[in-house]
Amino acid sequence: LHWHYLQRREWRFGAAAFTTFVLCLGTHETAVTIVPMMLALDALVSRPAWREWPAWVRARVRNYAPFTLALAAFLVVAYIVNTRSYLVRDGYYAFGWHAAGNILDYIASLYVGRRRLWWHTGVVLVFALLAVKGSPRTRFYLTWLIVSLLPVSFFTWGGASRYLYVPAAGFSLLIAELLTAAWDRASWRLPKPASYAVAVTVLAVLVIRFAGFAETGVDDFRRRIDPYDRFT
């Protein structure tokens, strides 16, 4: 809905986007990431030059005022409620540099890699390269991935894969964008059937790999809940 509003500037899409945003705030705390992602999408559509950024920001202060006010009201309520939770009182959720390590661990869970220093270093270098050299859509999907991981990265007990449903969408879109870019580049050097075959082969390898790990994860989860099934 926000994309349609940015493309057409029709008030009905803006009103619908605001309504669904408020409804999202009533479902889960991760909805706080929507406004930064909307701004990233806006930047993707408008693509302001460096010298245009001050005027661009001033215009968005007014455009996003209703979303910002709704988000501020939600954050006040969330702060009052969550500061009374044992998660905050007992130190299981706290701001700190441990969030950076948790984000890297979550990303490793998404691509099913090892949680080791050199793997994390490789991820940081690849993401930095994509942020500098990637397409505007690539930068948007990177923003989606990182921003949606922020709320759950401050748990002090480490990562939990059950929080990855929103970041996984951005990760999937990022993979699709990179595959499309690789296919386009290969088509410059190879005949079209050959480049298509290469792209399909790479995609099949990724699908099989992720499907295999997903099946293993489901089996592991099923074994963990067996005691509760027997108890009930």
Side-chain angles (χ1 to χ4, degrees), residues 1-48 52-53 56-79 82 95 99-100 102-107 109-111 123-124 126-128 130-155 159-178 180-181:
L1 289 169
H2 186 54
W3 172 265
H4 280 297
Y5 173 74
L6 294 174
Q7 293 287 345
R8 306 181 187 183
R9 296 297 176 179
E10 296 181 12
W11 71 269
R12 58 190 177 119
F13 290 113
F18 177 74
T19 302
T20 52
F21 170 68
V22 173
L23 293 174
C24 285
L25 289 176
T27 60
H28 199 270
E29 289 87 347
T30 52
V32 301
T33 63
I34 293 178
V35 171
M37 289 162 64
M38 291 171 66
L39 286 166
L41 183 62
D42 198 341
L44 167 66
V45 174
S46 55
R47 300 185 188 181
E52 299 172 347
W53 271 102
W56 187 90
V57 171
R58 286 195 297 271
R60 268 61 193 177
V61 170
R62 181 181 66 255
N63 293 344
Y64 288 89
F67 295 92
T68 305
L69 291 174
L71 178 60
F74 171 81
L75 288 176
V76 169
V77 175
Y79 176 81
N82 288 314
F95 294 111
N102 286 342
I103 288 176
L104 290 171
D105 285 344
Y106 278 126
I107 294 173
S109 297
L110 285 170
Y111 71 84
V123 167
V124 172
V126 169
F127 277 26
L130 293 176
V132 174
K133 298 293 186 180
S135 66
R137 279 200 303 267
T138 299
R139 297 190 187 101
F140 173 64
Y141 299 146
L142 280 174
T143 303
W144 180 327
L145 176 58
I146 301 301
V147 169
S148 60
L149 281 173
L150 280 175
V152 299
S153 64
F154 293 103
F155 284 106
S161 60
R162 64 181 178 273
Y163 298 129
L164 290 178
Y165 47 91
V166 177
F171 180 72
S172 300
L173 290 167
L174 179 62
I175 290 179
E177 179 69 15
L178 295 178
T180 304

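If you read the sequence from its start, that first residue is 1, and numbering goes on from there. Bear in mind the structure is a predicted one, so any value in this text is a computation, not a measurement.
- Between Pro167 and Leu145, the closest heavy-atom pair is O-CD1, 3.6 Å.
- Among all heavy-atom pairs drawn from Pro36 and Val147, the shortest one is CB-CG1, 4.0 Å.
- The shortest distance between side-chain heavy atoms of Ser46 and Trp56 falls below 4.5 Å.
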*Passes side-chain contact (heavy atoms from CB on, under 4.5 Å), Leu150 versus Val32? Steps please.*
CA-CA 10 Å; Leu150 280 175; Val32 301; over 6 Å; no
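- Using a 4.5 Å heavy-atom cutoff, the side chains of Leu44 and Leu41 are in contact.
- Under the ring-ring contact (aromatic ring centres under 6.0 Å, His included) criterion, Tyr79 pairs with no residue at all, not counting sequence neighbours.
- Taking the six-membered ring where the residue is Trp, Phe155 and Tyr163 present parallel rings, their angle staying beneath 30° rather than reaching 60°.
- Sequence neighbours left out, the pairs with a member in residues 62-78 that pass side-chain hydrogen bond (donor to acceptor under 3.5 Å, both in side chains) are His2-Tyr64, Asp42-Tyr64.
- A heavy-atom distance below 4.5 Å is not found between the side chains of Ile34 and Leu71.
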*Please report the C-alpha distance between Phe21 and Val35 in whole Å, then the side-chain angles of each, then the deciding distance to 0.1 Å, and finally whether the side-chain contact (heavy atoms from CB on, under 4.5 Å) criterion is met.*
CA-CA 9 Å; Phe21 170 68; Val35 171; 3.6 Å; yes
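- Closest approach of Ala31 and Cys24 over heavy atoms only: CB-O, 3.4 Å.
- With values rounded to the nearest 0.5 angstrom, Phe18 atom CZ is found 10.0 Å from Leu23 atom CG.
- For Phe13, the ring-ring contact (aromatic ring centres under 6.0 Å, His included) partners are His4, not counting sequence neighbours.
- Rounding to the nearest 0.5 angstrom, the gap separating the CD1 atom in Ile175 from the OG1 atom in Thr180 is 11.5 Å.
- When each of Leu164, Val166, Asn102 is tested with Leu149 by the rule side-chain contact (heavy atoms from CB on, under 4.5 Å), just one qualifies, namely Leu164.
- With values rounded to the nearest 0.5 angstrom, Arg137 atom CZ is found 11.0 Å from Leu178 atom CG.
- In this structure, Ala43 and Trp53 approach most closely via the heavy-atom pair CB-CH2, 4.1 Å.
- Looking at Pro151 and Thr33, their side chains come closer than 4.5 Å, going by heavy atoms from C-beta outward.
- Pairing each heavy atom of Leu25 with each of Ala70, the nearest pair is CD1-O, 3.8 Å.
- Ser153 and Ile103 make their closest contact through CB-CG1, 3.6 Å (heavy atoms, listed as atom of the first residue, atom of the second, distance).
- Taking the centre and axis of the six-membered ring of Tyr5, the NZ or CZ atom of Arg9 falls inside the cone set by 45° and 6.0 Å.
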